[in-house]
Structure formats: structure tokens, C-alpha cells
Amino acid sequence: MTDRPDFRPEPRAPKGFQDRRARDVLVERRILEQVSAVYERYGFEALDTPAFEYADALGKFLPDADRPNEGVFALQDDDEQWMALRYDLTAPLARFAAQNWETLAKPFRRYAFGPVWRNEKPGPGRFREFIQCDADTVGSARPEADAEIVSLAVAGLEAAGLPRGAAVIKLNSRKLLNGLLTAAGATAPSQQLDVLRAVDKLDRLGPEGVALLLGAGRKDDSGAFTKGAGLAAPAISSVLAFVQSGGGTRRETLDRIAGVIGGSPQGDEGLADLDRIDMALKGLGVDEDQALFDPSIVRGLEYYTGAVFEAELLLETRDDKGDRIRFGSIGGGGRYDDLVARFTGETTPATGFSFGVSRLAAALRASGQARADTVRGPVVVIVFNADHMADYFAVAGELRKAGIAAEVYLGAAGMKAQMKYADRRMSPAVIMLGGDEISGGTVTIKDLDLGRALAAGVRDHEVWRNERPGQQTIPRGDMVAAVRKILEGERP
RNA sequence: GCCGCCUUAGCUCAGUUGGUUAGAGCGCCAGAUUGUGGCUCUGGAGGUCCUCAGUUCGAACCUGAGAGGUGGUACCA
């Protein structure tokens, strides 16, 4: 690439991309295993699709000639077609479903997980590449399909490690919101968007802030002014009444909503949908504290056509400094009946839920729910003398055959540094095979965990070193059993 | 995108109204301890003081522009 011999590239990951080490990889792998098992138990099949899609298949953010990378990472293929990295798993599903519609057993139920990419400004906890996990039903218009997705989300999050009560799924319906917009007299599309955006901010700004955004506009603490939706006072109060009609059981919420916007055709349709969802949730065993109706949930602006849901973290989370942090939404989804129609021209009902895996892992960690187990290193076989490498590898092989992680130290350093290496790797033990052991047919095993436990009380290095705690020299044939005993000593 | 704040060692940060060889703690490496990690002690390595331009006899410090980070806001499939 560069022909300047003195050029030294700066070793750094691209902005918004991150390296993830064993600790995070293992946590996320475990989440995906648990969630996949749940999704399969619900009858969803696995599907993997390519990282790239043709840009026109991804829809809304279709690159145009001047701004090909707006929102997505796009490049032009040999044949000059634009391809883009997928920004979620739903658009590729719509493409797949449209492409294979004739051959699929319908309704088509699938789950998928993998990296997605978004070319936008990264922020704290917000990356340009992240793992998403997604489950959808394509081809069922029944509200019960939405209820099942909600049940799936509840079960999946719990399997991932969120204890009951740590999160709740909040449900609403786009049809209710449309009924509300009609009732409030917001007819112009741009005004409708303003109203929905304002409603979406209820949890952050409170009713007063939302009222300002619905009316003339709001100036925030930094002095920036956000233009309002320009609704008249009676419309504002009906919107606020609607938005605040959550609380209590799902049934109670429905009754209150009916009081505010019942009577409009769209609103009644939405109420009927939520009513059926409520009944299905009861059958599915999803309780009131696991899924509730919340009229202030909006989610995205186009796209959704019926039920919308959002998974919200309820656990109090604190950052490293002990300050409270808002985690907010850890996943969401809803019904989108027009996505497949983009390809086929035929309206195809679909509903789904997705969550960010890293974000969920971060939520588990921040809430103290993640098992804080450190990544354990292998048993390290110390190298005394290069002439005996064959013996060292034989020992490592014996341990591996017994299912114990083991490695021969392959660096150049002396014994002291090898011990330090094993310590830093969090190895449970080292195996020492010096001249004495080899001629005697023995091995020396040092229990590093025991040493770690005892180290706190040590004052005198000399004494400590001479005592050699946790160290035993035993016949070579007893090695595996002795190592296993050390491993079993650790906490489950 | 807009507004504010910040940028000195791998990390967290000091730093004199602008004055010569820029510091600390932690971490790293080594020795004390030639077959023994974590404690202790001693030593060592490691810096374009974000970049460029300007003011000045002299800039880590002052001025301007830019880059990067961060907080808020907007947008968010």
C-alpha cells in the first residue's frame, strides 16, 4: 500500500468499531446459545443471510450518486450495482422471504443473529458494527402472532440471564397512534411525524416537555430550540391524556385508552388487536409485570403498521464511578405489513423482535447480573530445558485428552517469567518437569489458585517463597487426577 | 448536523504570570531471589506535551484554524 519505508501506521480500530476479548466473546456466545435454544423451542428456524445486500433491497437508505454511504456502508460492484452492508436483519429477511416465497412453508418463522453495520456517528454504547439477534414471523396477520413474539422476547431475555422483573416489554399499536393523530387533527404528514416524535420523548422530558413539543416548541438546557408540532391546546391535552393512560393491568390501560380515542375507526381496530394480544398473552403465561401496554411507545416512524413493542431495562444500573445510568431500551420490534410488499407487490403481514447482543451483555454487566467469572487460562507446562520438549508436550497432551486445557510455554523467558505468565493467564496450576522429576518419573504440580488465596496474608517474601504453598511432587501417573482435584476446588 | 467542554508516558492525571535536562501514581521490563507468580525494596524503558500556522529572544502554556474525544441536543431502519 505505502512505499514509504519510514511510514508507521497507527494501530487502532476504526472509529465506532471495537475489538472484543475473550471475556466479552464468551458472555455473548452464551447469550446467543441460550436465546437460540428458546427460539427453536418456539418453532423458529435458523437463517443466515449475507452481510451484503444490493442497496435497493435494503430500502429506505438507498444510496444515491452523491451520498452513497449515507447511513450504510456501500460500495459498487463490478457491474456497477450498489451493494451495502446490512443495517439490520429484518430487511434481509424481507428480501429472502420475497425471493423464496413460493417454496416456503407459511407462515415462515425464523430467527437470525450476526453483525450489522451502520455508518453513523458512534456514541457511548453505540457502535458502527454490532451483533443483533432477531426473530420474525412472516405471513400471519393474527394479533396472536404479535403476542407470541412478545412471549418469545420475554422468554429469550430471561434465558439470556435477565432475571424476572429486570426488564419489561411495553406494547402499543400504530393503529392507536393513527387514531390519535386523527382525533388531534394532525393531518399533514410532517405534523404527524412531529407529534409522534414528541410522544416518543415522554419518558425523558415528561408531560410538560412533551406539551411544549406538541405546541410551539421547546428550548432545552443547552439553549437549542426544537420546533413544535403546532397543535392547538385541546388537541395537546387529548394527546397527553392518551399518552398518560398507561399503568395498571393491560385491561385497565385498554379501558382508559378507549375513553380517550375510542370511536375512531383506526383506534377501534387497534384496541381490538391489543385486546386479542392480551388474551393470547394470558394463554402464553405472560404476566402483567412482564408485558404491559404503554401508549407512549412509538418506535421508528415509517415501517411499523400495527403492534409495536419495546423491551425496557428496569434494573438500576451504575457506571464505574457509581453514577446512575439510563439504559432504556434494550430491544424492540413490531408489526410491519408492507416490507415484503416492496418486492412482491403483495401485502405480506410480518411481525418480529430484535435486540442488540452486546448491549444486552452490557446491561447484564452493569446490573451486576453477568457472571463475573474471569477467563481462566490453561494449565501451563513449564519449560526447563529444550532437550525435554517432547516430555512437556506429552504432559500437555495427556491433560488435553482428559479434557483439561493445557499448553507448553513457548516463549523464551526463564522460569520466573513463566510463573508470572501462568499467573497473568489466570492458570489454575503449572506443571514442572525438571531434571529431578524426569529422572524420578514424577511431576511437580503447583496450585496457583491456592497461592492466590494465601497471598493476601503474606508479609515476608523469603518465607513465602521457601514454603512453596500448594506445591506437590507426585508420580507422573497420578498427574491428571491431581490436576483434576485442583480444578474441582474452584467455585462452580 | 448544531452547542459546550476536553486533548501532556500504555492508563489516570499534575505542571511554573510563557524560561533551558516535562513530572507523579498505576502498569510494563529487570535485579534482589542462577528451579518458583502474587507482598516488599532497588533500578530501567517509555513523551512529535493532538496537528499545522502565528505572536515572542524563547511556547506544553498565548492566538487562530484543523483533527480527535466527550457531554447535551437533533436524527435513528
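Just so it is clear: chains get the letters A, B, ... in the order the sequence lines come, proteins before strands, and each one is counted from 1.
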Rounded to whole Å, the CZ-P distance (A:Arg174 to B:A77) equals 9 Å
The nucleotide from B:G37, B:G35, B:U73 with an atom nearest the side chain of A:Met432 is B:G35
Would you check if the side chain of A:Asp447 reaches a backbone N or O of A:Leu450 as a donor-acceptor pair within less than 3.5 Å? yes
Here the distance between atom P of B:U34 and atom CZ of A:Phe384, to the nearest Å, is 13 Å
>> Any side-chain to backbone donor/acceptor pair from A:Gln132 onto A:Val357? Under 3.5 Å, distance only.
In response: no
In whole angstroms, the gap separating P of B:A74 from NZ of A:Lys227 amounts to 14 Å
Determine the contact category for A:Gln418: base if any of its heavy atoms lies under 4.0 Å from a base atom, sugar-phosphate if only primed atoms, P, OP1 or OP2 are that close, otherwise nothing.
nothing
Closest to the side chain of A:Lys201, out of B:A77, B:G35, B:A74, is B:A74
Could you list the protein-to-nucleotides 25-29 of chain B atom pairs, N/O on both sides, closer than 3.5 Å?
unit_1 : atom_1 : unit_2   : atom_2 : d
B:C29  : OP2    : A:Lys420 : NZ     : 3.3

Any luck finding a side-chain donor-acceptor pair between A:Glu148 and A:Thr137 under 3.5 Å? no
Its dot-bracket string being built from Watson-Crick and G-U pairs below 3.5 Å, with | for another strand and [ ] for crossing, RNA chain B has the pattern (((((((..((((..[..[...)))).(((((.......))))).....(((((..]..].))))))))))))....
>> Classify A:Thr90 by what it touches in the nucleic acid, base, sugar-phosphate, or nothing, heavy-atom distance under 4.0 Å.
In response: nothing
A:Glu310 atom CD is separated from B:A77 atom P, nearest whole Å, by 10 Å
At under 4.0 Å, does any side-chain N or O of A:Arg204 touch on OP1 or OP2 of B:A74? yes
Identify each atom pair where a protein N or O and an N or O of nucleotides 41-46 of chain B are less than 3.5 Å apart, giving names and distance.
none

Any chance CD of A:Gln81 has more than 12 other-residue heavy atoms, nucleotides or ligands included, within less than 6.0 Å?
yes
Review point. Are A:Arg110 and A:Phe44 in a cation-pi contact, defined as NZ or CZ under 6.0 Å from the six-membered ring centre and within 45° of the axis?
Key: no
Q | Distance flag, aromatic centroids of A:Phe73 and A:Tyr87, threshold under 6.0 Å | A | no
| query | Expressed in whole Å, how much space separates the P atoms belonging to B:U48 and B:C6? | reply | 23 Å
Between CE of A:Met415 and P of B:U34 the distance, given in whole Å, is 11 Å
message: Please determine whether a side-chain nitrogen or oxygen atom of A:Arg197 lies at a distance below 4.0 Å from atom OP1 or OP2 of B:C75.
response: yes
> Side-chain N or O of A:Lys416 less than 4.0 angstrom from OP1 or OP2 on B:G37?
Replying inline: yes
Between OH of A:Tyr304 and P of B:C76 the distance, given in whole Å, is 13 Å
(message) Quiz question: by atom type and distance under 3.5 Å, do the side chains of A:Thr351 and A:Asp146 form a donor-acceptor pair?
(response) yes
A:Arg425/A:Glu407 salt bridge by N-O under 4.0 Å criterion: yes
**Prompt:** What does A:Glu437 touch in the nucleic acid at a heavy-atom separation under 4.0 angstrom: a base, only the sugar-phosphate, or nothing?
**Reply:** base
- Side chains of A:Glu437 and A:Thr444: do they bring a donor and an acceptor to under 3.5 Å? yes
Between B:G25 and B:U40 - P atom distance, rounded Å: 13 Å
Check whether any side-chain nitrogen or oxygen of A:Lys15 sits under 4.0 Å from OP1 or OP2 of B:U70, and answer yes or no.
no
- prompt: What interatomic distance, in whole Å, is found between C1' of B:U20 and the corresponding atom of B:U33?
  reply: 43 Å
Charged N-O contact under 4.0 Å between A:Asp19 and A:Arg21
no
When rounded to whole Å, the CG to P distance for the pair A:Leu193 and B:A77 reads 11 Å
**Prompt:** When the ring centroid of A:Phe127 is compared with that of A:Phe17, is the distance short of 6.0 Å?
**Reply:** no
Closest to the side chain of A:Asp436, out of B:A74, B:G37, B:G35, is B:G35
A:Asn119 CG to B:G1 P, in whole Å, measures 11 Å
Do A:Arg197 and A:Asp194 sit within salt-bridge range, that is, some charged N less than 4.0 Å from a carboxylate O?
yes
| message | Students often get this wrong, so: under 4.0 angstrom with heavy atoms, is A:Gly435 touching a base, only sugar-phosphate, or nothing? | response | base
